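Remarks on the structure that follows.
Note on naming: letters A, B, ... go to the chains in the order of the sequence lines (proteins, then strands), and numbering restarts at 1 for each one. In this text the structure is predicted, and so the values were computed from the model without any measurement.
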2 protein chains.
Amino acid sequence: MPTPHYGQPRYRVIAEELRKRIESGLIPPGALLPAESTLAVEFEAARGTIRQAIAVLRDDGLVTTEHGRGTYAITRPHGRHSNRPSQHIRESEIAADSDLAFIFNIEVGAPLIVQESVIRDGGRTEEVIRAYRAPRSDQ
Amino acid sequence: MPTPHYGQPRYRVIAEELRKRIESGLIPPGALLPAESTLAVEFEAARGTIRQAIAVLRDDGLVTTEHGRGTYAITRPHGRHSNRPSQHIRESEIAADSDLAFIFNIEVGAPLIVQESVIRDGGRTEEVIRAYRAPRSDQ
DNA sequence: AGAAATTTGTCCGTATGTATC
DNA sequence: AGATACATACGGACAAATTTC
């Protein structure tokens, strides 16, 4: 599927998705974003497109990127954005269902960490993001 | 020589060559592959191209790579690592369970769009991200 | 213990060719 | 024609982990 850019161009859509992850706290302040190549796989986009998306966030002061290092979420949302969507973040441990067990290649019932953030705009729920990962083994 | 990608791209050709060396035992199980920079000279390719080739092998479970160390041929081709390319289950429509229905303040069973991203590093699943949102009203 | 060398990881900028809207 | 996007490829530089001296 080459290039259907209905409405918004891809790089802007990707930028918005990353923005949500940062503003919702899913990518906490100071944390490293996945590498450009990783994001390229994730979003099924070319690296150039990812770089364009990150450039948008950098322009907005949401991230900084260091040569040879990576791109960080900014420590503090400097500007007071009044329209900042409200957010809930909670982390909990769950048992993997068959679906997740398959993806992670673990046993059904094995523990997984799930981080859920809810993005609200006014009274309306805009998006719910759930991030599953394996528990840290190194404590 | 710029970038004529007629037929097979170079990184695939290189990947196939390396695969032969491993499967033939020329590079025995557990042995270190030559450094990326060495391979770059050998194949007269940029390091990035070599890294792409190695990524193919890593995806196929033929090698593992360690930062600062190098890339090893896998000790044991533990069974047939079934070809699992599905990295990104795109977007699908689901029916809201009670949990999501509550968060979104909609009825149980109402349609929701879920976008699932699977982040892999080599053969290992690092994270699964699921973003739920209400279907767009237009269309 | 410490410095240097090696090696992988990541980003930067650029370029070509193709394809779609 | 121009903007967007993809896949591929190059060369350079800095960062970080590991090994070697």
Side-chain angles (χ1 to χ4, degrees), chain A residues 1-18 27 30-59 62-74 138, chain B residues 1-18 22 27 30-59 62-74 85 87-88 90-91 119-124 126-127 139:
Chain A
M1 296 60 169
T3 317
H5 62 284
Y6 309 124
Q8 289 249 307
R10 289 269 282 150
Y11 74 92
R12 269 184 211 286
V13 175
I14 293 171
E16 282 320 297
E17 176 60 31
L18 290 176
I27 297 175
L32 214 50
L33 270 66
E36 292 171 354
S37 52
T38 305
L39 292 172
V41 174
E42 232 197 282
F43 287 105
E44 292 181 333
R47 197 188 132 221
T49 308
I50 300 295
R51 284 175 60 74
Q52 258 182 300
I54 289 179
V56 171
L57 302 181
R58 198 165 33 231
D59 261 18
L62 259 156
V63 300
T64 52
T65 137
E66 285 174 39
H67 192 171
R69 254 250 179 99
T71 298
Y72 296 90
I74 277 297
D138 60 287
Chain B
M1 288 40 150
T3 317
H5 54 285
Y6 311 125
Q8 284 250 310
R10 304 195 55 191
Y11 75 91
R12 268 185 221 284
V13 175
I14 294 171
E16 282 320 298
E17 176 58 33
L18 291 176
I22 292 170
I27 298 176
L32 216 50
L33 268 68
E36 292 170 355
S37 52
T38 305
L39 292 172
V41 174
E42 242 196 83
F43 288 102
E44 292 183 331
R47 198 185 137 211
T49 307
I50 300 295
R51 285 178 60 78
Q52 254 183 301
I54 290 178
V56 171
L57 302 181
R58 197 165 35 231
D59 258 21
L62 260 153
V63 300
T64 53
T65 300
E66 286 174 38
H67 191 173
R69 262 240 179 63
T71 298
Y72 297 90
I74 277 297
Q87 301 167 327
H88 189 97
R90 258 290 188 236
E91 254 185 28
I119 301 174
R120 287 213 177 84
D121 188 18
R124 195 174 146 282
E126 280 211 332
E127 195 172 18
Q139 183 297 107

Interatomic distance, [X] [atom1] vs [N] [atom2] [rounded to whole Å]:
X     : N      : atom1 : atom2 : answer
A:Y72 : D:dA16 : OH    : C1'   : 10 Å
A:I50 : C:dC12 : CD1   : C1'   : 16 Å
B:E36 : D:dG12 : CD    : C1'   : 15 Å
B:Q8  : D:dT8  : CD    : C1'   : 13 Å
B:Q52 : C:dG9  : CD    : C1'   : 15 Å
B:R58 : C:dT7  : CZ    : C1'   : 13 Å
A:E66 : D:dA13 : CD    : P     : 19 Å
B:L39 : C:dT8  : CG    : C1'   : 13 Å

Pair of N/O donor and acceptor under 3.5 Å linking C:dG13 base with A:H67 side chain
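Not at all, since no donor on one side and acceptor on the other fall under 3.5 Å apart.
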Quick check: any donor-acceptor pair below 3.5 Å linking the side-chain of B:R47 to the base of D:dG12?
no
Given [options], the nucleotide with the shortest approach to the side chain of [X]:
X     : options                : result
B:R51 : C:dT8, C:dC12, D:dC6   : C:dT8
A:T71 : D:dG11, D:dT8, C:dC11  : C:dC11
B:A45 : D:dA9, D:dC10, C:dC12  : D:dC10
A:R69 : D:dA15, D:dC10, C:dT10 : D:dA15

For residues [X] and [Y], report the shortest heavy-atom separation together with the two atoms involved.
X     : Y     : answer
A:A73 : A:L33 : N-CD1, 3.8 Å
B:R69 : B:L32 : O-CD2, 4.4 Å
B:I54 : B:V63 : O-CG2, 4.2 Å
A:A53 : A:Y11 : CB-O, 3.3 Å

How is B:G48 classified with respect to the nucleic acid when contacts are heavy atoms under 4.0 Å: base, sugar-phosphate, or nothing?
nothing
With a 4.0 Å cut-off on heavy atoms, is B:R10 in touch with a base, just the backbone sugar-phosphate, or nothing at all?
sugar-phosphate
Does a nitrogen or oxygen in the side chain of B:T65 sit under 4.0 Å from OP1 or OP2 of C:dG9?
no
Taking only side-chain nitrogens and oxygens of B:T49, does any of them come within less than 4.0 Å of OP1 or OP2 of D:dC10?
yes
Can you work out whether A:G68 or B:Y11 has the more 5'-proximal nearest nucleotide on DNA chain D?
B:Y11
Distance col, row B:T38:OG1 vs B:R47:CZ, nearest 0.5 angstrom, shows 11.0 Å
